[in-house]
Number of protein chains: 2
Amino acid sequence: MTIKTADRYHHGDLREALLRAGEDVLSERGAAGFTLRECARRAGVSHAAPAHHFGDAAGFLAELAAVGFDRMTDAMETRRVQSGPGSLAQLDAIGRGYIAFAVQNRALFQIMFRQDGIGVASPNLQRAGGAAFGVLQATMARVLAEHRPDQKPMPSLALAWSAVHGFATLLIERQLDGCLGQDGIADLETDLGGAMLNLMTGALAGPAVAGPGKKS
Amino acid sequence: MTIKTADRYHHGDLREALLRAGEDVLSERGAAGFTLRECARRAGVSHAAPAHHFGDAAGFLAELAAVGFDRMTDAMETRRVQSGPGSLAQLDAIGRGYIAFAVQNRALFQIMFRQDGIGVASPNLQRAGGAAFGVLQATMARVLAEHRPDQKPMPSLALAWSAVHGFATLLIERQLDGCLGQDGIADLETDLGGAMLNLMTGALAGPAVAGPGKKS
DNA sequence: AACCCATCTAGACACTGTCAAGTCCAATCT
DNA sequence: AGATTGGACTTGACAGTGTCTAGATGGGTT
């Protein structure tokens, strides 16, 4: 395919080639169908080659997850800077970026938040994951400073993240097919976007507006 | 162990024994470490025995997921009837039941919402999943009828589900360890419970209270 | 020019899911 | 009663997997 000399003994950038192959396998076969040997096959190397770059399968998946987090950070940041200056508009933007990334990178998104069979201790994964989280954190901090300066960031942040992440997860696992229209993505871009923001900002309302057992 | 004749050629209730073994394997080794042969080993039968009851691995996991959905329905219903008569209190109760089940059945919860490597077409799984969803649906319908009779149920339902599901997922995958206290479950039972309800009910607020780009 | 060492290969091992064939046993039929 | 039928389970095999070891290769350094 590429002009790159693919028949050398030393591949040159086998690491990158393996990551690309891994992403292809992931998107074609799903997270359950992922295989080290298939990745090696697509990169045109022997089955044991990946081990020299990633250690074992968990290490490989960790690096793939890091790639995913980096791309997710880009998706969120891109939409954030394109949106208006208001902090709520930016929160809406990164929420949409989060969900759009999940839809466009199904299997990758799934392994990014797994703890089973993936090397969570990988420094690169922790860096990339932290960077993605930082976007959420910074944006939520801006929203709170602007609209609820008395509130601590943490519970609101966790809950807003939960809302967006849960929606993305259910959407990806086709769990919302019965609820939304034929394709939830179209709905998402219209009505549901505002509702999503509403849900997110619901996380920053003060003490429960209507506690359990309290009459309306 | 049991008085049941365990040395018969025909096991008697191998199906149930395999399901129990499967759940043990799932909770001990995690979803990634699940293995048909290990389940057969623990049930004291040959490695091919499970196939006669569940077809293949995907069929086995589907049946395990169905068991999980049934137990989850119980967890939600139990807490709902124990709560007060108010619909919001009941919504809060099933939310807590949902999350408590996820925490107490980590790996089982994970496979329940997977679409990879699990027989989603299994009638029993669809029945159990539908029943669990029905609890959410009915409770949300009651909340809307009581507090927002003008609103259609669907978007609110999907978003409230997203919020609870996302929180449970992130909690289980240890993604919130940095956010919440040392163990998020303790927090959950105190402050965060109300905030969670607040987040859920945020889904039923009408048109966005503060759209993006609109000043407060 | 000779060496060194990271890079990659080749082979082996234990393990997995699935398939085909055979074995066992309880219940039914004559 | 004895024969038979059919479901439950076993046995053995096969291709595929992750990982380990030892060895082959060749680019970069001295």
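Keep in mind it's a predicted model, so treat the numbers as computed, not measured. Chain letters run A, B, ... following the sequence lines, proteins first and then strands; every chain starts at 1.
Judged as a salt bridge (Lys or Arg N to Asp or Glu O under 4.0 Å), not a single pair has a partner in residues 135-144 of chain B (not counting sequence neighbours).
Not counting sequence neighbours, the partners of A/Arg29 by the salt bridge (charged side-chain N to carboxylate O under 4.0 Å, His left out) test are A/Glu38. Here A/Phe54 pairs with A/Phe60 under the ring pair (Phe, Tyr, Trp, His ring centres under 6.0 Å) rule; sequence neighbours left out. In this view, B/Phe133 and B/Trp161 satisfy the ring pair (Phe, Tyr, Trp, His ring centres under 6.0 Å) rule, not counting sequence neighbours. The side-chain contact (heavy atoms from CB on, under 4.5 Å) check on A/Ser162 picks up B/Phe167, B/Leu170, with sequence neighbours excluded.
Protein atom CG of A/Leu18 is 13 Å distant from nucleotide atom P of D/dG18, rounded to whole Å.
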Q.
Please encode protein proximity along nucleotides 11-21 of chain C as a string of B, S and -, counting only heavy-atom distances under 4.0 Å.
A. BB---SBBB--

